[in-house]
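Since the structure comes first, as structure tokens, the remarks are kept for the end.
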Amino acid sequence: MKKFIGTTALYILLILLMLELAVRAFHLYTVDPPRFIDDHGVEKRVPHHNGYAVTGNRKQNFSEFNINKSGFNSHREFNPSATKYEIAIVGDSYIEGFHQDFQNSIGKKIEEKIAGIEVYQYGYAGYDFANQMHLVYAYQDTFNLIDEIILYLNYENDLERDSYTPNTERIQMLSSTIFKIRDQIKLLSYGSKIGVLEPFKKLATGKNPFKTDITAYQSNEIQEETEAEKLERDKRYIANFQNLIKLYGFDKSKTTLLLDARKTSNIFLEFCDQNQIKYIDFSESFKKSKKPTNLIYDMHWNDHGRELIAEIIANYIRQKKPH
């Protein structure tokens, strides 16, 4: 019996070792560069990390990232000055751009369309509008030198709070020993990404590992918001927006929102119009596109979608940039 148990354990160990080597050899695992909160209370990536971000269990998306000294994924360093023309694009994972090689980012595409400019992408997965406003305020000496600031606003979930508080709990969790072990053992990293380890996660948090969470499959059964509920949400979002502007400032002369009007309340758009808050709406361009604009296995923009975003921003900048 002892021999059987020992032999079985040995075979399991060898199988796991082979799987680990296979995951490494085919680079099926994704790399999530470490995060931290700097002295200004800004959450971002630890500088000077590079690697490859992988989406899907068969490398449906495989792209290289490069974290610059400012802590953001970019093809360049951020060195604004009064003598150059610079654009800052601030936002969440859509702007961070881990779904595309950093040398083919939105910022790089814009630079190729307009000569003599530099585009700085302050993108970070998880940023909401409070994060963005705090970032611009925290680095105001830098942003004062930048000529145009574009803030990506996903209206559906970016205005849930009216002030910024650093997410120290998430940083501590991602820096914990268990997450460090997961990142070192690529099989664990890969298994976690594709959901194989979900039962173990539930067990670790005291949940039933054999019970399937059917919430995600019940979206069609959830009642849509009533008009009264939508109105209350819009009032709350606008109030949060106003409070963030009051707290951190908002230079209307050079700050513009980037948004999709299809997913943005008309009440909010009317509020922007009434208060001279400029916005770039990319909805029409996406609707007219004969090609898909999003990844088929992920809602992030694909290369064509990013090309459209770059063209829309470039057209906007051409109208504002001094010749």
Side-chain angles (χ1 to χ4, degrees), residues 43 55 89-100 106 121-136 149-165 167 170 213-245 247-248 250 255-275 277-289 292-302 304-306 308-310 312-313 316:
E43 186 176 344
T55 304
I89 307 178
V90 187
D92 59 10
S93 56
Y94 283 75
I95 304 303
E96 185 174 45
F98 276 11
H99 296 77
Q100 188 149 15
I106 292 174
Q121 288 182 226
Y122 290 88
Y124 181 89
Y127 269 7
D128 63 4
F129 200 66
N131 284 98
Q132 297 180 41
M133 294 294 288
H134 172 75
L135 170 76
V136 176
I149 303 170
I150 297 174
L151 307 176
Y152 174 54
L153 177 67
N154 183 348
Y155 183 78
E156 294 178 327
N157 52 35
D158 275 357
L159 292 172
E160 291 287 348
R161 53 181 180 165
D162 64 358
S163 61
Y164 171 73
T165 304
N167 194 344
R170 178 169 69 167
D213 184 3
I214 62 173
T215 304
Y217 304 99
Q218 293 178 333
S219 57
N220 293 331
E221 300 178 10
I222 298 175
Q223 293 183 351
E224 293 186 2
E225 285 182 305
T226 65
E227 290 303 316
E229 289 172 334
K230 289 181 180 178
L231 181 59
E232 285 302 312
R233 181 199 60 186
D234 289 337
K235 288 181 178 178
R236 177 165 56 87
Y237 281 7
I238 290 174
N240 290 346
F241 185 87
Q242 289 176 307
N243 196 67
L244 288 169
I245 288 177
L247 281 174
Y248 302 115
F250 192 92
T255 306
T256 306
L257 305 179
L258 174 68
L259 53 81
D260 185 343
R262 297 171 298 178
K263 302 178 180 180
T264 308
S265 165
N266 287 331
I267 294 176
F268 180 77
L269 295 177
E270 291 171 2
F271 165 82
C272 290
D273 292 335
Q274 292 168 2
N275 290 274
I277 295 172
K278 301 185 297 293
Y279 57 86
I280 303 170
D281 173 22
F282 59 85
S283 62
E284 284 300 317
S285 181
F286 272 40
K287 281 194 295 184
K288 292 177 181 177
S289 176
T293 56
N294 297 79
L295 299 170
I296 59 175
Y297 41 83
D298 191 301
M299 291 307 295
H300 289 84
W301 303 319
N302 59 19
H304 178 60
R306 292 175 182 275
L308 292 178
I309 294 292
I312 292 166
I313 293 176
Y316 178 78

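Hydrogens, waters and symmetry mates are skipped; everything else that's a heavy atom, side chains included, is used.
- Panel note: side chain R306, backbone Y94; a donor-acceptor pair is recorded below 3.5 Å.
- In terms of heavy atoms, I95 sits closest to W301 at CD1-CZ3, 4.3 Å.
- Side-chain contact between I150 and V90 is absent, with no heavy atoms from C-beta onward closer than 4.5 Å.
- Applying the salt bridge (charged side-chain N to carboxylate O under 4.0 Å, His left out) test to pairs two or more places apart or on separate chains, those with a residue in residues 262-274 are D260-R262.
- Annotation for L257 and C272: closest pair CD1-SG, 4.2 Å, computed over non-hydrogen atoms.
- Only one option out of F241, Y155, Y164, Y152 pairs with F129 in a ring pair (Phe, Tyr, Trp, His ring centres under 6.0 Å); it is F241.
- Listed by chain and number, the residues in a side-chain hydrogen bond (donor to acceptor under 3.5 Å, both in side chains) with S93 are H300 (sequence neighbours excluded).
- Residues E160 and N240 form no side-chain contact, since every pair of their non-hydrogen atoms from C-beta on lies 4.5 Å or further apart.
- For the pair H304/S289, a side-chain contact is recorded, criterion being any heavy-atom separation below 4.5 Å from C-beta on.
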> Going through the checks in order, is the side chain to side chain contact (heavy atoms under 4.5 Å, CB included) test met by L258 and I313?
Replying inline: CA-CA 9 Å; L258 174 68; I313 293 176; 4.3 Å; yes
> Given the rule in the side chain to side chain contact (heavy atoms under 4.5 Å, CB included) test, do F250 and L151 qualify, once you have shown the distances and angles that lead to the verdict?
Replying inline: CA-CA 11 Å; F250 192 92; L151 307 176; 4.1 Å; yes
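- I267 is listed as a side-chain neighbour of I238, based on a closest heavy-atom distance under 4.5 Å.
- By the 4.5 Å heavy-atom criterion applied to side chains, D234 and F271 are not counted as neighbours.
- Side-chain contact between K278 and Y316: present, with at least one pair of heavy atoms (C-beta onward) separated by less than 4.5 Å.
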>> What verdict does the side chain to side chain donor-acceptor pair (under 3.5 Å) test give for R161 and N243, after you've listed the backbone C-alpha separation in whole Å, the side-chain angles of each residue and the deciding distance to 0.1 Å?
In response: CA-CA 9 Å; R161 53 181 180 165; N243 196 67; over 6 Å; no
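- Between the side chain of D281 and the backbone N or O of A261 there is at least one donor-acceptor pair closer than 3.5 Å.
- Here the CG atom belonging to L269 is positioned 6.0 Å from the CG atom belonging to L259, to the nearest 0.5 angstrom.
- Judged by distance alone, the side chain of E229 and the main-chain N or O of T226 form a donor-acceptor pair under 3.5 Å.
- Looking at N302, its side chain does come within 3.5 Å of a backbone N or O of P292 through a donor-acceptor pair.
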>> Between I89 and I106, does the side chain to side chain contact (heavy atoms under 4.5 Å, CB included) criterion hold? Intermediate values first, please.
In response: CA-CA 9 Å; I89 307 178; I106 292 174; 4.3 Å; yes
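- Listed by chain and residue number, R35, E43 satisfy the side-chain hydrogen bond (donor to acceptor under 3.5 Å, both in side chains) test with Y124 (two or more places apart in sequence, or in another chain).
- In this structure, the side chains of F268 and Y237 stay at 4.5 Å or more apart for every pair of heavy atoms.
- For the atom pair CG of L308 and OG1 of T293, the computed distance is 7.0 Å after rounding to the nearest 0.5 Å.
- Among all heavy-atom pairs drawn from I312 and S285, the shortest one is CD1-CB, 3.5 Å.
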>> Please determine whether side chain to side chain contact (heavy atoms under 4.5 Å, CB included) holds for the pair V136 and I149, giving the CA-CA distance in whole Å, both sets of side-chain angles, and the decisive distance to 0.1 Å.
In response: CA-CA 9 Å; V136 176; I149 303 170; 4.3 Å; yes
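- Taking the side chain as every heavy atom from C-beta outward, M133 and I245 approach each other to under 4.5 Å.
- Judged by distance alone, the side chain of D158 and the main-chain N or O of N154 form a donor-acceptor pair under 3.5 Å.
- A donor-acceptor pair under 3.5 Å is formed between the side chain of E96 and the backbone N or O of A125.
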